[in-house]
Structures are given as C-alpha cells and as structure tokens.
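Have a look at the structure below, then the notes.
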Amino acid sequence: MTVLDAPADTAVPAVRGQRLVPVLVGLKLTLLRNGLRLSSGRRAAYVASLVVTLLLAAVQAIGLVALRGHPQAGTLVVLLTAVVAVGWAVMPLFFPSGDETLDPSRLVMLPLRPRPLIGALLAASLIGIGPLFTLTLALGSVIALAHGAAAVAFGVIAVPLTLLVCVALARSVATANIRLLTSRRGRDLAVLSGLVIAVGIQFVNFGVQRLGRAGGMSSLEPVADVVRWLPPASALGAVGSASEGSYGAALGQLLLSVLALGGLVWLWERSLVKLMTAPDGSTVAAAEPSAGRPGADRSGLFSLLPEGRTATVMQRSLRYVVRDPKTKAAWVTALAVGLIVPVLNAVQGSGSVYFACFAAGMLGMQMYNQFGQDTSAFWMVALSVSSTRDAYVELRARALALLLITLPYTVLVTVVTAALLGDWAALPGVMGLSFALLGAMLATGAVASALFPYSIPQDGAFKNVVPGQAGLAWISILGGMVAAAVLSGPVIGLAVWLHVADHQNLLWLLLPVGAVYGTFTGWLGVRLAAPRTADRLPEILAAVSKG
C-alpha cells in the first residue's frame with residue numbers, strides 16, 4: 001500500500017502538527033548518516049568541513065568577545081551579520097544540490113499541508129554546519145554588544161531570531177527557485193557561481209585595502225547606521241541600542257526582524273503551495289525541426305572559418321564555450337579574473353603593466369584537459385582519429401579556437417592596464433611576454449591533455465574532477481603551468497636583462513620575439529602531443545568517460 005492508497009484517518013494524522021517535526025528531523029539525520037556511509041572520501045570531506053567550520057567559529061567567537069567594550073564593535077557586528085545573511089540568500093542559487101534532504105519537490109506527492117510542513121522543514125534546516133556557524137556568530141555578537149540586563153534580554157531573543165531569519169531566507173529563496181535550480185538552466189546558473197565568487201574575492205580584497213587606507217572601521221559607520229535597521233542585522237543592532245539605553249529604537253529594530261521572519265515564512269508558504277499544486281511545465285517543449293534552426297549549418301561568423309576538419313572542430317569547441325555549463329563557467333571566470341586582477345591593482349596605483357600577463361595565464365589554462373570537456377561524447381572524436389595527422393589537426397583546431405578569444409582579449413587587457421597606469425612604453429614588452437606565455441601554455445596544455453586526461457562530472461557546480469582522478473588533475477594543471485613557466489623562460493630572461501641593463505628603449509623587441517616564440521612553442525607542443533594522442537586514444541576515452 002502506498003501513501004496515496006492509505007485511508008485518510010491513518011495517513012493525515014501522521015503528518016499533522018508537531019508529529020511532522022521529529023519525522024523530518026529524524027529523516028535528515030538518517031539521510032546524512034547513510035550518505036556518510038557511502039564512501040570514506042565523503043566522510044573525510046564532511047569531517048574536514050566540520051573541523052574547519054568549528055575552528056573558524058571558535059576564532060570568530062573569541063574575536064567578537066575580545067571586542068566587548070570597543071567603540072566600533074557594533075559597526076563590525078551588524079556588517080558581519082549582513083554579509084552572512086547575504087551568503088544565506090545566494091548560496092541556494094549557487095549550490096542547489098547542497099542540501100538535497102530539504103528539497104520540497106521530493107515531498108509533493110505526499111499528503112502534507114504546507115503550514116506544518118514549513119515548521120518541520122525549518123526545524124530540520126537548523127541541523128547543519130551553516131546554522132552552527134551562524135549561531136556562533138550571533139552568540140559572539142551578543143556577548144560583544146550586551147551591557148546591562150535589558151540588553152541581555154534583547155540578546156536572548158536576538159540570537160534565535162537571527163538564525164531563524166537566515167534559515168528562512170535561504171529556504172524561501174530555494175523553494176521559489178527550486179524548479180529553475182533543478183533544470184539545465186539552473187545548473188548553468190549554478191556553475192557560474194565560480195565567477196561571482198572569484199569576482200567577489202577580488203572586490204573584497206580591494207575593499208579591505210581601501211578600508212585600511214581610509215582609517216579603519218570608523219569609515220564604515222555611515223553604512224552600518226543603515227544596515228543596523230535591515231533584518232537580520234537589526235536583531236543584533238537592537239542589542240547595541242538597548243546597551244546605549246535607546247529602548248524604543250531597540251524595540252523597533254527587533255520588531256523589524258520579527259516582521260521579516262513572518263514575511264519570509266509567508267513567502268515560503270506561498271512558494272510551497274505553488275510548488276505542490278501547480279503543474280510543472282519545465283519539461284514541455286514544442287518539437288522544432290532541426291532544419292532552419294540558427295546554427296544548424298555554417299552561418300554567421302562560423303562561415304569565416306576554414307573548410308574541412310579544422311572548421312568542424314573549431315565550431316564544436318566554440319559551441320562548448322557557449323552551451324556547456326562547465327566550459328562556460330571556466331571561460332567566464334577566466335575572462336573576469338584575468339581582467340579584474342590587473343585593473344584593480346592599476347586603479348589602486350600599486351600595480352604594474354606586467355600584471356596584464358595574468359590574463360594570458362588564466363586563458364591559457366583552458367587548453368588543459370581538452371578531451372575531458374567532451375566527457376563520454378569523446379568516443380565520436382576518437383572514431384574520427386585514425387592517424388597522427390588526424391590527431392594533429394584535432395589539437396591544432398582546438399588551439400586555434402582558443403586563440404580566437406584569447407589573443408584579442410590579451411591585447412585588450414594589456415592596453416587597458418597600460419592606459420590606467422599611463423605606462424605606454426612598457427606596452428610592447430608586456431604584450432610580447434603575454435604572447436610567449438600563451439604559446440607555452442598551449443604547448444604544455446596539448447601535451448597534458450594527451451598524457452593526463454581526466455573526466456569532468458556534469459553534476460555539481462564545483463565538482464570538476466570525478467573521485468579517484470584528483471591526482472591526474474593536479475599533475476595536468478600544476479605540472480603544465482610549471483612547464484609553461486620554464487618554457488617561456490627565454491623571453492622572460494630577455495625582459496629581465498633589458499631592464500637590468502637599462503635598455504628600456506629596446507623593450508619593443510619583446511613584442512616580435514614573444515609573438516614568434518609563442519607561435520613556435522605552441523606549434524611544437526601540438527606536434528609533440530599529436531602522436532601521443534593517437535597512440536593513447538583508448539586510455540583517453542576510458543579516462544574522460546568516468547563522469
């Protein structure tokens with residue numbers, strides 16, 4: 001007998017009221033325990049994450065307690081809480097499969113009412129590493145801010161309220177977008193989180209440096225004055241207001257967090273009702289004939305590519321960049337970080353034009369593990385490679401497709417960096433170094449793709465290597481990058497000598513030398529990788545098909 005076949009008097013009472021809370025809490029604990037039993041690697045990853053989180057939480061708590069009585073403690077607390085709340089809001093969008101036990105779409109076929117289900121899901125959501133870290137933050141913040149009995153009373157309410165608002169925020173966002181996040185478009189969005197994280201880290205680094213020059217936390221007081229009225233930071237802001245004797249303001253701030261919690265639960269309930277009652281049309285699509293579709297033939301920019309196998313391979317590689325989520329994420333992240341690092345350093349006035357070489361390095365890494373991005377579809381490529389010549393044309397075309405993007409982008413980043421710093425004299429030399437580095441990375445990337453291929457799993461935003469192949473990935477990428485640095489050593493040595501010998505007027509020679517040297521090394525690397533690719537096709541196919 002299934003749940004739907006069960007009589008109403010036996011099925012409904014089992015899921016009403018408080019009885020549903022222990023069921024879902026126990027279910028989450030059971031699934032967590034059974035998931036950790038699947039593999040030692042999963043257990044090790046979870047234990048490592050737990051240990052790191054506990055250490056960070058302990059350091060955070062000690063630091064907050066040490067701030068007790070400091071005039072800027074309130075500013076730091078509300079801003080830190082706001083950052084954590086933003087993390088709770090965006091993480092479900094970037095890690096939709098991070099907490100599969102709380103996916104409400106798995107419960108749509110059960111006779112559950114939304115309101116008691118929300119209470120049970122909220123209780124189950126409090127189990128995990130994230131809630132533990134947030135709870136530690138709230139406790140440490142209250143200890144840092146609470147002075148007097150009234151502030152302590154507000155703190156007793158603020159701690160659980162802050163945690164509940166964060167969890168409800170994450171759950172409401174996840175439920176409202178669960179169908180998107182479990183679709184292909186959602187997975188595409190998730191893998192682009194690497195871009196957001198990479199860009200965010202650079203801006204945080206820039207902000208910290210600017211903060212140090214602007215006079216410390218006091219420069220952020222105007223921002224904190226606004227944030228302390230935004231939930232859930234307003235709950236902890238109420239503790240600070242109560243400590244200062246502003247009980248009316250404290251009550252208002254606390255009330256804002258309570259209203260925010262109620263609003264989030266209401267939105268969560270509406271999304272849950274829609275999810276459990278509305279039909280899912282995400283898989284319904286009109287069949288379109290393949291003829292006449294854009295891109296079905298060589299049109300547009302693809303018509304400019306040379307004829308034959310080279311055009312076919314280049315077109316396939318470029319379509320991967322546009323359509324494959326993992327390939328797109330890698331490219332967008334490389335393009336963004338390759339521009340942000342030199343530009344931000346130039347804006348701060350502490351950078352150098354030679355930071356523009358970072359763009360060539362980031363983009364050159366896309367040449368590594370060329371066959372892994374094909375995954376199991378590589379067997380079609382393998383069937384078309386019957387000789388060393390075929391393998392050479394395949395690798396050459398992939399390198400040319402990469403150069404179509406990397407060469408103009410490298411020139412653009414170099415020119416922008418030189419313009420921001422006003423150092424136009426160094427532009428030819430930096431561009432020559434970038435070309436030499438790019439050619440060296442194309443060469444080592446082609447060889448590494450043939451010798452150390454590994455599979456890229458399609459599930460998970462940040463799962464870029466299947467279990468058991470991490471060693472191959474490290475050897476391929478790190479070993480290849482070291483080899484590329486050594487391979488481009490002659491051009492680097494020439495640049496150093498020209499600077500040391502005070503021949504800056506001859507730095508323009510690096511441009512033709514770097515261009516010729518990069519072209520030669522790239523061609524040589526593809527030549528050397530071709531016979532190894534042709535000989536190792538079965539091994540490459542087996543390695544890249546494991547995902």
Side-chain angles (χ1 to χ4, degrees), residues 56-91 118-119 122-123 125-126 130-173 211 216-268:
L56 290 176
V59 172
Q60 174 185 252
I62 294 173
L64 289 172
V65 172
L67 285 175
R68 181 174 175 83
H70 193 280
Q72 303 299 331
T75 300
L76 177 62
V77 162
V78 296
L79 293 178
L80 186 60
T81 305
V83 171
V84 172
V86 171
W88 275 97
V90 301
M91 283 302 103
I118 285 178
L122 186 60
S125 301
L126 297 176
L132 175 62
F133 182 84
T134 307
L135 180 63
T136 306
L137 167 65
L139 286 172
S141 299
V142 169
I143 295 174
L145 297 180
H147 298 281
V152 172
F154 275 95
V156 171
I157 303 174
V159 170
L161 185 58
T162 301
L163 177 59
L164 289 175
V165 171
C166 289
V167 174
L169 177 61
R171 291 300 99 197
S172 60
V173 170
L211 181 63
M217 294 298 299
S218 59
S219 61
L220 295 178
E221 286 184 0
V223 179
D225 290 339
V226 176
V227 173
R228 70 177 72 252
W229 287 93
L230 300 177
S234 61
L236 296 175
V239 180
S241 297
S243 298
E244 297 172 357
S246 303
Y247 300 117
L251 189 60
Q253 290 170 315
L254 197 64
L255 183 61
L256 282 175
S257 290
V258 173
L259 292 176
L261 178 59
L264 289 172
V265 171
W266 179 74
L267 291 175
W268 187 4

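Since this is a predicted model, take the numbers as computed values, not measurements.
To the nearest 0.5 Å, atom OG of residue Ser257 and atom CG of residue Leu164 are 11.0 Å apart. Rounded to the nearest 0.5 angstrom, Ile62 CD1 and Leu67 CG are separated by 12.5 Å. Distance check, rounded to the nearest 0.5 Å: CG of Leu145 to CD of Glu244 gives 9.0 Å. Between atom CZ of residue Arg228 and atom CG of residue Leu256 there is a gap of 13.5 Å, rounded to the nearest 0.5 Å. In this structure, Leu264 CG and Leu259 CG are separated by 11.0 Å, a value rounded to the nearest 0.5 Å. Residue Trp268 holds its CH2 atom at 10.0 Å from CG of Leu261, rounded to the nearest 0.5 Å.
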Stepwise, does the side-chain contact (heavy atoms from CB on, under 4.5 Å) test hold for Leu137 with Leu64?
-> CA-CA 8 Å; Leu137 167 65; Leu64 289 172; 3.9 Å; yes

Any chance you could lay out the side-chain contact (heavy atoms from CB on, under 4.5 Å) test for His70 and Leu76, step after step, and finish with the verdict?
-> CA-CA 10 Å; His70 193 280; Leu76 177 62; over 6 Å; no

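Smallest separation of non-hydrogen atoms from Ala151 and Ser243: CB-OG, 3.2 Å. Val78 and Val227 get closest at one heavy-atom pair: O-CG1, 3.6 Å. Contact detail for Ala150 and Tyr247: the closest heavy-atom pair is CB-CE2, 3.5 Å. Here the shortest heavy-atom pairing between Leu169 and Ser172 reads O-OG, 2.9 Å. Shortest non-hydrogen contact noted between Val167 and Ser125 is CG1-CB, 3.3 Å. Between Thr136 and Gln60, the closest heavy-atom pair is C-NE2, 4.0 Å.
Thr81 places no side-chain N or O within 3.5 Å of a backbone atom of Ala233 that could act as its donor or acceptor partner.
A side chain to side chain contact (heavy atoms under 4.5 Å, CB included) with Leu161 is found for one member of Val156, Leu236, Val258 and no other, namely Val258. The side chain to side chain contact (heavy atoms under 4.5 Å, CB included) test with Thr162 is passed by exactly one of Ser141, Ser234, Pro231, Pro232: Pro232.
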